[in-house]
Structures are given as structure tokens and as C-alpha cells.
Amino acid sequence: MSSMRASGTARVVLVTGVSRPLGARVATALQADPGIERVIGVDTVPPTTTLGRTEFVRVDIRTPSIAKVIASAEVDTVVHLNLVTSSTGARAPMKEINVIGTMQLLAACQRSPHMRKLVVRSSAAVYGSSPRDPAVFTEDDEPVEAPSSGYAKDAVEVEGYVRGLMRRRSDLTVSLLRFANFIGLGVDSPLTRYFRMPVVLTVLGFDPRLQFVHLDDGVEVLRRMAVEEHPGTYNVAGDGVLLLSQAIRRAGRPTLALPAQAVATIGDMGRRFAGWSGYSAELQRWLTYGRVLDTSKLAAELTWRPKYSTEAAFADYVLAERPDGDPPLTVIDRLADVVGGIRR
Amino acid sequence: MNAGRPNSDGERDADIIPISAGEHHRAGTGRRGHAFGRDGPGATGAGTGAGGGAAEDRTEPAHDGHGPIERELAAGLRFLRRRLVGDYEVDEFGFDPEFAETFLFPLARTLYRHWFRVEMAGLEHLPDKGAALIVANHSGTLPIDAVMLQTGIHDHADRILRLLGADLVYQVPFLGHLSRKSGHTLAHPADTARLLAKGELVGVFPEGFKGVGKPFRERYHLQRFGRGGFVASALRGQVPIIPCAIVGAEEIYPKIADLRPLARLLGFPYFPITPTFPWLGPLGLVPLPSKWIIQFGEPVPMSDYEPDAADDALTVFNLTDQIRETIQHMLYDVLLRRGSAFSR
């Protein structure tokens with residue numbers, strides 16, 4: 001099933017979560033498309049950046065008022081980016097937004113006769129992380145140990161509701177995207193907060209394989225899903241993998257490796273008392289066992305590869321965080337100069 | 001027999017010139033910093049498959065007016081720098097070729113040559129390139145046979161054996177990530193299929209922990225061959241199965257008893273008691289220097305069957321039995337050939 005834009009699709013696009021970096025970027029990309037008449041952005045808080053010709057509507061998608069917006073504007077395409085992966089506050093409101101918000105939104109979509117297409121941002125976290133996982137997940141793989149907490153569980157539930165809508169509205173084109181961890185300018189996620197810890201805690205004896213997706217690539221995938229026809233579920237990640245140890249060394253961060261139980265205890269204490277909102281049990285599982293996605297289905301469908309590999313995406317992040325080198329390396333470089341052997 | 005691939009005789013020749021081998025070792029520390037080159041005779045003949053930095057460093061032109069020690073030091077610093085900044089690549093399974101070439105194989109090679117005096121026979125049955133599934137017996141209380149098999153195939157056939165490990169391996173701190181860095185992955189049908197599709201040489205020990213942890217009195221008696229998953233994988237991938245008999249590993253840690261309660265407490269599959277462990281403390285971890293022979297047998301082609309035969313349980317069972325019988329016979333033959341376990 002492939003690509004050409006069917007006539008009459010994506011006339012009025014609604015983007016949820018538009019006040020966060022991903023939503024704002026996607027809205028900006030969509031409004032640049034002359035074929036799209038209106039881009040409507042919704043969120044519970046006002047946007048921090050200017051959105052151009054995107055019309056901002058402050059609406060809580062947890063309430064039925066989202067249905068009014070969809071019906072009155074005759075929205076035909078919904079790009080649902082509201083999955084909150086990193087709540088700064090408590091867990092309960094985050095779950096509300098993720099699960100109840102999606103239910104309300106999907107209920108509105110089901111009712112609206114103008115609806116033609118739904119693009120949903122999900123997360124690779126739905127695959128979980130366990131020592132019994134296959135090395136690489138394809139879209140058809142079921143999690144070996146289903147996520148039991150946090151946003152990973154929310155993402156599983158969101159996907160369940162999306163599948164429910166697909167059964168009831170088989171005329172809709174539904175694209176479900178499982179993103180690896182976003183990284184890039186302006187991205188604030190549990191991961192970026194984790195890397196900003198004064199000392200990066202790692203689980204002793206484990207060095208997981210990680211994958212990242214650059215914000216630019218994520219925006220491009222979402223844009224193409226919104227304006228073209230690509231029904232199905234797709235993994236999205238930069239090519240290649242990085243080990244956690246490599247990532248930390250590339251970021252030049254000091255680390256402390258502790259047994260799993262100690263990391264869990266400290267992380268939990270940090271979350272409760274020191275405001276480490278990045279830490280969660282599912283983050284720790286990911287930082288213990290890692291996860292790698294097979295992205296060949298997306299590459300074949302879009303005949304496109306991400307501009308940033310996992311490595312390049314991370315390098316871009318490091319460059320933004322830490323423009324200068326770090327001390328241990330200068331020592332080595334100095335030594336190498338003394339030896340005089342490095343002539344490259 | 002393929003040209004340019006030394007056979008077991010070449011290896012034996014190398015072994016009966018201990019003086020030159022020793023010399024090479026001593027010279028090696030000064031001349032090239034033994035961690036960065038393959039030491040010992042036969043290394044040059046064993047193919048130039050040294051991937052990553054190891055090969056680069058050695059082909060450094062010697063015209064910069066610096067002494068060999070400085071050059072070595074510079075190469076060492078370069079290597080250290082690369083590792084410190086995380087500037088190396090791993091594949092999607094976590095295989096780190098530089099780690100394998102620089103740490104794993106040199107260390108294992110010392111054991112391989114001088115401690116176990118391993119001989120490899122039947123190397124002509126291994127393909128030069130393309131996928132195949134090597135099926136071997138498993139023994140020795142600790143899975144040292146896996147590392148020896150991988151090292152031998154690397155040195156003599158110039159191929160990286162991608163071994164399949166039990167899920168327990170990936171739960172244990174250090175073991176899991178060392179195993180991935182060495183090119184192993186979980187014995188999961190998806191991982192096997194993925195490796196075979198990439199044309200890799202895959203190795204499996206279908207006996208699993210039942211084999212490696214069996215008591216000494218059952219030595220060289222093959223245990224049940226799992227559920228035949230390896231046959232199904234070979235059928236689906238249409239790759240030949242190469243039977244392999246490893247003789248010698250049974251005697252390295254003769255397990256005369258098993259402390260089950262302690263094993264359960266520590267989460268190990270067994271807690272071995274050997275003549276030296278735990279009586280001699282850490283010294284008990286030194287393996288006994290048995291004489292090893294690794295024999296490869298005639299490949300069993302899967303092209304006579306349809307890939308669908310993987311779903312026919314009876315075909316899978318019959319093939320599993322056939323391969324088990326073949327390896328059992330090979331074991332008896334090689335045992336006779338070897339004679340005493342601690343012969344030269």
C-alpha cells in the first residue's frame with residue numbers, strides 16, 4: 001500500500017499536544033503544505049512558540065469539548081501526539097491525559113463523518129524490555145513481558161483503543177507509529193533528564209543497546225503519514241545502535257554503576273524527594289536490558305531512511321549539550337603529542 | 001580444502017615448536033604491545049580478518065622516524081581514546097568487533113593454544129561465506145567450550161561464530177553484556193532467523209544447561225536436544241546444519257556434586273562441586289588442562305526439504321534425532337582418537 005496523496009485527504013488537520021516541541025514542529029511542517037487548508041492545534045496549555053497559521057484552540061482532550069472542535073471544523077485528519085512520556089508531576093494526571101484523553105479523542109473521531117485519517121504517536125516502550133526479548137523487535141512481535149507501569153503501559157492501552165476504533169471505523173486510514181526515544185534540540189524526556197543527572201547511575205553489569213530518533217526525522221515521518229496514505233503500524237528509529245556505555249562516554253558524563261536494587265532505591269528516593277522526574281521503573285528496565293527496533297517496514301513503505309542514524313542523532317544532542325571536550329581526553333591527547341605518534 | 005586456510009596440522013606444527021612460540025611472546029610485549037596484535041605463530045596464516053582498529057594499527061607505515069615502542073604507545077593511546085569516547089561500533093545484536101579482537105580472542109587464544117592444546121579437524125566442512133548452523137555438544141560446568149569453539153573458528157576459518165545463549169545468560173550481570181559484545185545473542189527463533197538471513201555462521205548448543213551442567217559420570221553422553229528449535233530454524237532459513245563434537249571440555253571442571261539449595265538461593269542453574277572447587281577457593285576456578293579436539297562433521301543439507309517442513313513436528317524430531325546421533329558417534333570416535341584426557 002503506498003504513497004500517492006489521494007484527492008481530498010488532509011484538508012483540515014488537527015494536531016494534539018501542539019504546545020510541546022514535537023507537536024509544534026509537526027504543526028509547522030503541516031502548515032507549510034499548501035494543500036492543507038487549516039491546521040488546528042490543541043493542547044491544555046498555550047504554546048510557547050508562535051505557530052504561524054496554525055489555529056490554536058485551548059481544549060482539554062480529556063473532555064467531550066474536543067468532539068465539538070472536530071465536528072465544527074470538519075476535521076478530516078487527526079495527528080495525535082499527546083502521549084506524555086515524561087510527566088514533571090505526579091503519575092495520575094499523566095495517565096489521565098494519555099489514556100482518558102485518547103479515549104475522548106477517539107470517541108470524537110468515531111462520531112465525525114468527515115474523519116478520514118488518524119496518525120497516532122505511540123512508543124517503542126510497548127515492547128517492554130526483558131532479558132528474554134529478541135535482539136530486534138519487528139512490528140508483529142508481542143512483548144515478552146508486557147509493560148506493567150508508567151507511560152509504557154499507557155501506550156499499550158492507547159494502542160488498544162486505536163485498534164478498537166479501527167474495527168468500528170474500517171474506512172479510516174490509521175497509522176500507528178512506535179517511536180524510539182526522541183533526541184534533538186529542545187527535547188525534554190526522561191532520557192535527556194537522565195543524562196543531565198550530576199552523576200549518571202547505571203546498572204552494574206549491564207550495558208543495554210539503545211536507539212534514538214532525531215526530532216527532525218520524527219517530524220518528517222509524522223508529516224508524511226498525515227499527508228500520504230500509509231495505513232499500518234511502524235517502528236521509527238535511527239539506524240544502528242549505541243550501547244549505554246558508549247552514549248555516556250560520548251556525552252562525557254561521569255557515571256556510577258550500582259547493583260540493580262540500589263539503582264532502584266536511589267532512583268525512587270530521587271523521584272520522591274529530589275524531583276528526579278526522569279526516573280521510573282520502566283526507564284530502569286530499559287537501561288538494564290535495552291531495546292532495538294527493526295525499521296525496515298517503514299523504510300520500505302516510505303522509500304525513505306532517517307537522516308540521522310542513532311549515532312548521529314546522539315552526536316547532535318551531545319553537541320548542543322557540551323560544545324567543548326572533556327578533561328580525560330585532553331590528557332590523552334597531550335600524552336599522544338609527547339609520544340608524537342599520532343600523525344593523523 | 002580451501003587454500004589459505006590452515007588446517008589442524010598447521011596448528012599442530014605451531015604447537016610443537018614451543019621455543020619459537022615463547023620467543024614470539026616475549027618479543028611481542030616489546031615489539032607490538034601484545035594486546036594489539038595477534039600473538040603467536042600461525043596468526044599471520046590464520047587470515048587477516050582482524051576487523052576494526054587492530055588491523056589498522058598494525059599496517060601503520062613505519063616511516064615517521066619514531067621507534068617501535070613509541071608507535072606502539074601511540075597506537076595504544078589511540079585505542080584508549082577510542083574506547084574512552086565510545087568511538088566504536090556495535091551491531092544490532094551488540095557485537096563489538098574491536099572488543100573481540102583486542103580482548104576476547106587474545107585471552108582465549110592463550111588458553112586455546114597452551115592450556116587446552118586444542119586441535120580442530122574437519123574445517124573443510126565450514127563454508128567460506130554464507131550462513132550455516134553449527135550444532136555442538138555442550139559441557140564443562142562453565143561454558144568455556146563456547147569461547148574455544150568461537151576462537152578456533154575465528155583463527156582457522158576466519159569467520160565470526162555467532163553463538164546462541166540461554167536466556168539466563170542475559171539475566172546475569174556482566175555475563176549478558178559480555179556475551180553480546182562477543183557476538184552472541186539469545187537463542188530465540190527471531191534472532192536465529194535474522195542472523196542466518198544476514199549470512200552469518202551461527203552456533204548453538206541444543207543441550208543448553210542440561211549439557212554444560214551434567215555430572216562428570218555422564219560425560220560425553222548427549223542430553224536431550226531441546227525441542228528441536230534449531231532444526232526448525234535451519235529448515236526455515238534453508239541453511240545446512242554442521243554437526244560438531246567437542247572433546248576435552250568435560251574434564252576441565254569435573255562436577256562431582258551439586259549444591260542445589262545454594263544454587264536456588266543464588267539464582268544459578270546449579271552450584272558445582274569439583275575436586276578443586278570450592279575447596280581451593282579462587283584457585284579452584286582454574287580449569288584442568290585437558291587435551292581438546294574439536295571435530296566438524298559432514299554438513300546436513302536442508303535443501304531436500306521445503307521451508308514449511310519446519311512446521312511438521314515429525315520431520316523436525318527425526319532430523320533432531322539424526323543430528324544428535326551423528327554428534328554422539330563423532331564424540332566416541334574422537335574420544336578414541338584422543339586417548340588419555342591429559343595427554344600432550
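A, B, ... follow the sequence lines: proteins, then strands. Residue 1 opens every chain.
Between D191(B) and P134(A), the closest side-chain pair of non-hydrogen atoms falls below 4.5 Å. By the 4.5 Å heavy-atom criterion applied to side chains, F93(B) and V292(A) are not counted as neighbours.
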**Request:** Begin with the C-alpha distance, continue with both residues' side-chain angles, and end with the deciding distance and a verdict on side-chain contact (heavy atoms from CB on, under 4.5 Å) for R249(A) and Y88(B).
**Result:** CA-CA 11 Å; R249(A) 284 173 201 165; Y88(B) 52 90; 3.6 Å; yes
**Message:** Walk me through whether E89(B) and E311(A) qualify under side-chain contact (heavy atoms from CB on, under 4.5 Å).
**Reply:** CA-CA 9 Å; E89(B) 277 185 31; E311(A) 206 181 345; 4.1 Å; yes
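Atom CD of E145(A) is surrounded by more than 12 heavy atoms from other residues, nucleotides or ligands within 6.0 Å. Other residues, nucleotides and ligands contribute over 12 non-hydrogen atoms within 6.0 Å of the CZ atom of R196(A). More than 12 heavy atoms of other residues, nucleotides or ligands shown are found within 6.0 angstrom of NZ on K198(B).
Distance check: D133(A) CG to Y170(B) OH gives 12.5 Å after rounding to the nearest 0.5 Å. Residue R83(B) holds its CZ atom at 7.5 Å from CD of Q246(A), rounded to the nearest 0.5 Å. Atoms CZ and CZ, on R180(B) and F206(A) in that order, are 11.5 Å from each other to the nearest 0.5 Å.
For D239(A), no part sits under 4.5 Å from any heavy atom of chain B, backbone or side chain. Only the backbone of V172(B) has a heavy atom closer than 4.5 Å to any heavy atom of chain A. Of the two parts of Q211(A), neither the backbone nor the side chain holds a non-hydrogen atom closer than 4.5 Å to a non-hydrogen atom of chain B.
Between the side chain of H177(B) and the main chain of G205(A), a donor-acceptor pair closer than 3.5 Å is present. Under the 3.5 Å distance criterion, the side-chain polar atoms of R209(A) are left unmatched by any main-chain donor or acceptor of G94(B). Between the side chain of E92(B) and the backbone N or O of V136(A) there is no donor-acceptor pair closer than 3.5 Å.
Across T185(B) and A135(A), no two heavy atoms sit closer than the pair OG1-CB, 3.7 Å.
We find that R194(B) and D294(A) are joined by a salt bridge, their nearest charged nitrogen and carboxylate oxygen being less than 4.0 Å apart.
In terms of non-hydrogen atom pairs under 4.5 Å with chain A, the most contact-rich of D87(B), L175(B), L178(B), D91(B) is D87(B).
Exactly one residue among V241(A), L242(A), D207(A) makes a side-chain contact (heavy atoms from CB on, under 4.5 Å) with V90(B). That residue is V241(A).
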